[in-house]
Each structure stands twice: as structure tokens, then as C-alpha cells.
2 protein chains.
Amino acid sequence: MQGPTDDVVAAWVRLVRAQRAVMGAVEADLKRAGEPPLSWYDVLWSLVQAPDGRLAPRDLEGALLLEQYNLSRLLDRLEADGLVARVPHPGDRRRQFVEITERGRALRERMWPVYAEAVQRHVGARLGDGEARCLAAILGGLLGGRF
Amino acid sequence: MQGPTDDVVAAWVRLVRAQRAVMGAVEADLKRAGEPPLSWYDVLWSLVQAPDGRLAPRDLEGALLLEQYNLSRLLDRLEADGLVARVPHPGDRRRQFVEITERGRALRERMWPVYAEAVQRHVGARLGDGEARCLAAILGGLLGGRF
DNA sequence: GCAGGGTTCATGCAACTGCATCCATATCGA
DNA sequence: TCGATATGGATGCAGTTGCATGAACCCTGC
């Protein structure tokens, strides 16, 4: 196979570094505001968007690109805080649904302004007109099927 | 402060997801080939590029966007494998240099082909002409001062 | 109906990370 | 010079992740 061009390597390096820097900054803003980590928001948001506020763990896994065991434990923590509930799947006792609770919805709504402001500060404010759209398009291609 | 536009949010979401997907895939390729994780490569490569193959931990920290304590322990592991050596700083006994060893250089050279192929497969092959350059440019702006 | 195999989710254990703090050393100011 | 403060790096502990495996359940073919 042909090796990557210099441009590709540069893009890769900056992708890793930009994500680390920006995500770290957003995560830090959330923490400073006394809110839970981003991964909690991601789960809650996925559930809010889903019909009936519930999803199969497997779907969450795919949506959030989490490993099965990581999701399992993340859900443990969310459940312990009363933000989601695991409800049995009628007809298949292996499976289950994860359902957001009222408390979970409330937390997500409380987190959103903090999150949005952090994203604006660390991403929005640094991108010119059209750059955001262009970035999203290219990254979408990079993601290929996975989205 | 004005909230982020939809385009900014989309860019943010894809940035996180793309980095997770691509980085996970590259990391997995390295592991499959029996090589150490990417963080090891990053340190070794930073040292190779530095004059005399040595850097102050603080500089590595900035270059790799690692926390001080994480770098300290990463260096523990690299040192335990004989890939780097901590050498005292003449004139300030608090400080030190991290110096790559021959063994470290050899490992980096062995890792590179595997790494390069993974980057090509998961990044290069998915970007059209000019997209890599465009992506690198936008992400560079996103990084702002930090690089 | 039941043995074998696949699917879904959980968990024991080891490695890694985050956080607070500590230790040793250097620097600054009176 | 000496005490207060700052800096560079390490470390104890708790929380999280990765990996391998396990437990419960479903399904298929015989």
C-alpha cells in the first residue's frame, strides 16, 4: 500500500491534537461549572432524541462509539444517580432498554447551556464563516459509514 | 455570549466522533501488529526530532498535550522498557532531560511502517485531493496558539 | 426437546488516568 | 543569610478503561 502523503499525516496529527485540546477544554469548562462529564451528556442526549426516551444498549454503543463494557459501566453510574433506568425487554430477557428519567432530562437541560457556551468558545469562536460547514463535511467523509 | 450555530455544533460532534473512530482504528492496527500504543510513538518521535534526542519533560508535556502526572508515568513505562533515559539537568537538580535510547530509536523505526499504513488506510484513503490540506488548515486554526 | 452455538450484557482483574498532595530544589525579598 | 514562596517532578488513592471471560438467555437443527 502507498504510504500517507505529508498532507495526510499533517491532517492526522492535527486531528488528534485538536480533538484533545478542544475536548479537554470543553470537559474542563463543564467540570468547573460542577457538571458531570461529557459522556453523561452524550448518553442523555441520545436518549432524549430517541422515541419514548429509550434505546437498546447496543444502539447507544454504536451511536456513541463506546465499547460494550464501557457503556455497561457508564450506565451503572447514570443509573446510580437516577438519570436513566434499565427496563427489561419484553420477549427477550437478555436484552433491555435504557430509558431516561425525568431527573435525567432535567440534568441534560441544565448541562446544555454550559456545554453550548464551551463549544462556542473553543470551536465556534475559532472558525470563520463556512469553515465549520467545511470541517463537518470533511469529517463526515472521514467517518464513512460510521454515523 | 451567542450560542454556537448548528454548523458549529455539527463540526464539534463530528470532530469528536471522527477522532474517536479513526484513532481507535489506528490504535487497534498497532495492537494487532503487536506494537505499543500510540502514546509511546508520540514520545519517541518528539525526542527523535529534538536536538540530541532529548527534551525537558515540560516541553514534552506541551508538545503532546499530556498532563504532568500522566507524562511522568508514561516515562516510567518507557524507561522501564529501556526506550528512554532520564538524565539529570546540570545546574538545576529539580529538572531533568528525557533522552531517547538506541533501543527507543529502533522501536520507533519499527513502529513507523505499521503506523503509516494505518493512517493511510483510515485517513488518507478517505480524503480526496486537497481535503487533507484543507482539514489540516482548519484544524490548525482551531488549535490556535497550541501547536 | 435438547445439545450446540450465537447473542446480550455483566464483571474480575490489571493497566491507566485524574486529582490532590508531597518532596526536593531553586529563587526572591527583606 | 534566611524564611517565604514558586517550580519541577513524583506518588497515594480513587475512579475509569481495556481485556478476557462469565452468566443468562435465545435460536437452530436434529
Side-chain angles (χ1 to χ4, degrees), chain A residues 16 19-21 23-43 47 54-81 84-99, chain B residues 16 19-21 23-43 54-81 83-99:
Chain A
V16 173
Q19 195 268 358
R20 202 176 296 179
M23 184 139 183
V26 171
E27 204 63 93
D29 282 4
L30 274 174
K31 178 162 300 180
R32 247 193 310 281
E35 301 293 350
L38 245 123
S39 54
W40 288 34
Y41 187 91
D42 291 340
V43 171
L47 293 176
R54 53 166 59 185
L55 279 176
R58 177 159 268 278
D59 295 329
L60 269 173
E61 224 177 288
L64 306 179
L65 302 180
L66 290 174
E67 302 297 326
Q68 180 269 323
Y69 46 85
N70 276 337
L71 176 61
S72 175
R73 279 161 165 152
L74 177 54
L75 292 176
D76 286 348
R77 284 168 245 148
L78 291 169
E79 195 175 30
D81 264 46
V84 306
R86 294 195 232 225
V87 309
H89 185 293
D92 189 340
R93 291 201 289 167
R94 287 171 309 183
R95 304 171 65 183
Q96 63 190 213
F97 288 112
V98 180
E99 189 173 303
Chain B
V16 173
Q19 196 268 359
R20 202 176 295 178
M23 184 140 183
V26 170
E27 208 54 276
D29 282 3
L30 275 173
K31 177 163 301 180
R32 248 194 308 282
E35 301 292 349
L38 255 156
S39 54
W40 288 34
Y41 187 91
D42 291 340
V43 171
R54 53 166 60 184
L55 278 175
R58 178 160 270 278
D59 295 330
L60 269 174
E61 223 178 289
L64 305 178
L65 302 179
L66 290 174
E67 303 297 325
Q68 181 269 324
Y69 45 84
N70 276 336
L71 176 60
S72 176
R73 279 161 164 152
L74 177 53
L75 292 177
D76 287 347
R77 285 169 244 146
L78 290 168
E79 195 175 31
D81 264 43
L83 304 168
V84 306
R86 294 195 232 225
V87 309
H89 186 294
D92 189 340
R93 291 202 288 170
R94 285 173 308 186
R95 304 171 64 181
Q96 64 189 211
F97 288 113
V98 180
E99 189 174 302

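In what follows, chains are A, B, ... by sequence order, proteins preceding strands, each numbered from 1. Heavy-atom basis, side chains included; hydrogens, waters and symmetry copies ignored.
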Gap between atoms CG and P, on B:L74 and C:dC16 respectively (whole Å): 9 Å
For atom OH of A:Y69 and atom P of D:dA20, their distance in whole Å: 9 Å
Per A:R58 side chain, nearest of listed nucleotides D:dA10, C:dA26, C:dC9: C:dC9
Closest-nucleotide ordering on DNA chain C, the 5'-leading residue of A:K31 and B:W40: B:W40
Nearest listed nucleotide, side chain of A:R95, among C:dT8, C:dA26, D:dG9: C:dT8
Nearest heavy atoms of A:V98 and A:L47, plus distance in Å: O-CD2, 3.3 Å
Between P of C:dA10 and CD of A:E61, the distance in whole Å: 11 Å
Separation of D:dG18 P from B:M23 CE (nearest whole Å): 11 Å
Criterion side-chain hydrogen bond (donor to acceptor under 3.5 Å, both in side chains) against A:D92, the qualifying member of A:R95, A:R94, A:H89: A:R94
A:E79 CD - C:dT11 P separation (whole Å): 11 Å
Interatomic distance, B:L66 CG vs C:dC16 P [rounded to whole Å]: 14 Å
Closest listed nucleotide, where the reference is the side chain of A:R77 and the choices are D:dT17, C:dG18, D:dA10: D:dT17
Contact summary for A:L38 and A:E27, nearest pair of heavy atoms: N-OE2, 2.9 Å
Rounded interatomic separation in angstrom, taking NE2 from A:H89 and C1' from D:dC25: 13 Å
B:N70, nearest nucleotide to its side chain (from C:dT25, D:dC26, C:dG18): C:dG18
Rounded distance (Å) that lies between atom P of D:dT17 and atom CG of A:L71: 11 Å
Along DNA chain C (nearest heavy atom to each residue), the more 5'-positioned of A:R94 and A:L75: A:R94
Touch class at under 4.0 angstrom, heavy-atom based, for A:R73 against every strand present: base
Closest contact, heavy atoms only, A:D42 versus B:R20: OD2-NH2, 4.3 Å
Residue mapping more 5' on DNA chain D - nearest nucleotide basis, A:G91 or A:Q68: A:Q68
Which nucleotide in C:dA10, C:dT11, D:dC26 has an atom nearest any side-chain atom of A:R93: D:dC26
Check against side-chain contact (heavy atoms from CB on, under 4.5 Å), B:E35 and B:W40: CA-CA 10 Å; B:E35 301 292 349; B:W40 288 34; over 6 Å; no
Short side-chain N/O contact to C:dC9 OP1/OP2 from A:S72, under 4.0 Å: no
